[in-house]
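The sequence lines fix the lettering, A, B, ..., with proteins before strands; numbering per chain opens at 1.
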Protein chains: 2
Amino acid sequence: MAIDHLDGRIILLLAREPRIGVLEMSRRLGVARGTAQARLDRLQSNGVIRGFGPQVDPAALGYPVTAFATLQIRQGQGADVRAHLATVPEVLELHTTTGTGDMLCRLVARSNADLQRVIDRVVGFDGIVRASTAIVMENPVPLRIIPLVEQASLGE
Amino acid sequence: MAIDHLDGRIILLLAREPRIGVLEMSRRLGVARGTAQARLDRLQSNGVIRGFGPQVDPAALGYPVTAFATLQIRQGQGADVRAHLATVPEVLELHTTTGTGDMLCRLVARSNADLQRVIDRVVGFDGIVRASTAIVMENPVPLRIIPLVEQASLGE
DNA sequence: GTACGCCTGCACATGTTGCCCAGTGATCAG
DNA sequence: CTGATCACTGGGCAACATGTGCAGGCGTAC
């Protein structure tokens, strides 16, 4: 479950140069190819590395506007709302949370005007009582994992 | 900038089987290898595909708790706060937003108790006036891009 | 009609993968 | 101490993929 230092280096290396092969990886790490391969396999079957899917930039796809919407759900409608939101392509992510809202979702849109359409589509559903939206202006820290990997592979 | 149907199929294919090679890809798509290669190169230099970094699961690293914190910042302290948050490994993502809060950040922690430590570290900084945190219970829609790619590659 | 971009199909040298093996050193139970 | 297990090394092999280059077809824009 926890990862050791070599695992950490593997992940960092892959993060920096994702298209690297196992052989090149083993050379950089100074271990035998079999070792690198075994470690990588283990990380994947452990679920530490979930995959190597392409990281697609919504902005480059024509969706430069990101927003977060906090939703309040009518009692007992959670499952319906989840199913509804899953059908909206502009909903990139959905969490159920504690706190003032019941759900938090990440949206994208083609423009601020288009965001209105997306929000209408998201909110135009019976189980949603209230929604409050925050439009993202800047993204000073894009989704990252490397500092955490470093932390995890040092401490353990 | 916009992507066509073939680009869309390339991304979908890569999302499903990320470790696929260009040759295999061209076979599946029914195009020449050079074409697949050229398209892939273009998608990457366009920035549509930002990379193929490993998708690491924080839970598998020992950080099973996720939370979102909304921060209110003292006027003019934005840059300092951003720099501060960038140094905290448990801050996976940071956005500046319109709306009630000024910033929204995604946090992870080793446990609910550990979340307190993380929040203290995040909030224990002069420019932050107020923070409200929502702990994630479930994640019915994990970060996804495929429906959007489908939409974008059909419509254009 | 001509230049251009995009695609096809082919070829080559080189590098990589998946798979096999034998051997070493550390750890641990009996 | 003995034997078992495990992770790692280092090597070898056939099959396959990659980067690259090139000639030619086809539709579009001007």
Tell me which residues in residues 18-31 of chain B put a heavy atom below 4.0 Å from DNA chain C, sorted by number, or none. B/Val31
Show me the pairs that pass side-chain hydrogen bond (donor to acceptor under 3.5 Å, both in side chains) and involve residues 17-35 of chain A, at least two apart or across chains. A/Glu17-A/Arg28, A/Glu24-A/Arg27, A/Glu24-A/Arg28
My understanding is that only residues two or more places apart in sequence, or in another chain, count here; which of them pass side-chain hydrogen bond (donor to acceptor under 3.5 Å, both in side chains) with A/Arg50? none
Side chain to side chain contact (heavy atoms under 4.5 Å, CB included) against B/Ala131, all qualifying residues, sequence neighbours excluded: B/Leu71, B/Val123
Report all side-chain donor-acceptor pairs from residues 79-89 of chain B shorter than 3.5 Å, counting only partners two or more places apart or in another chain.
| from | atom 1 | to | atom 2 | distance (Å) |
| --- | --- | --- | --- | --- |
| B/His84 | NE2 | B/Arg121 | O | 3.1 |
| B/His84 | NE2 | B/Val122 | O | 3.1 |
| B/Thr87 | OG1 | B/His84 | O | 2.6 |

So, using side-chain hydrogen bond (donor to acceptor under 3.5 Å, both in side chains) as the criterion, who are the partners of A/Asp120 when residues are at least two apart? A/Gln116
State which residues pass side chain to side chain contact (heavy atoms under 4.5 Å, CB included) with B/Ala134; sequence neighbours excluded, sorted by chain then number. A/Thr97
Please list, pair by pair, any protein nitrogen or oxygen found under 3.5 Å from a nitrogen or oxygen in nucleotides 11-13 of chain C.
| from | atom 1 | to | atom 2 | distance (Å) |
| --- | --- | --- | --- | --- |
| C/dA11 | N6 | B/Arg33 | NH2 | 3.1 |

Quick one: does any side-chain atom of B/Thr98 pair with a main-chain N or O of A/Ile135 as donor and acceptor, under 3.5 Å? yes
A/Arg16 meets the side chain to side chain contact (heavy atoms under 4.5 Å, CB included) criterion, sequence neighbours left out, with A/Leu12
Does any residue of residues 34-43 of chain A have a heavy atom under 4.0 Å from DNA chain C, and if so, which ones, in number order? A/Gln37
Give the rounded distance in Å between these two atoms: CG of B/Asp4 and C1' of D/dG27. 16 Å
Mind checking what makes side-chain hydrogen bond (donor to acceptor under 3.5 Å, both in side chains) contact with A/Arg117, not counting sequence neighbours? A/Glu90, A/Asp114
So the ring pair (Phe, Tyr, Trp, His ring centres under 6.0 Å) pairs with at least one residue in residues 89-121 of chain A (sequence neighbours excluded) are A/His95-B/Phe68
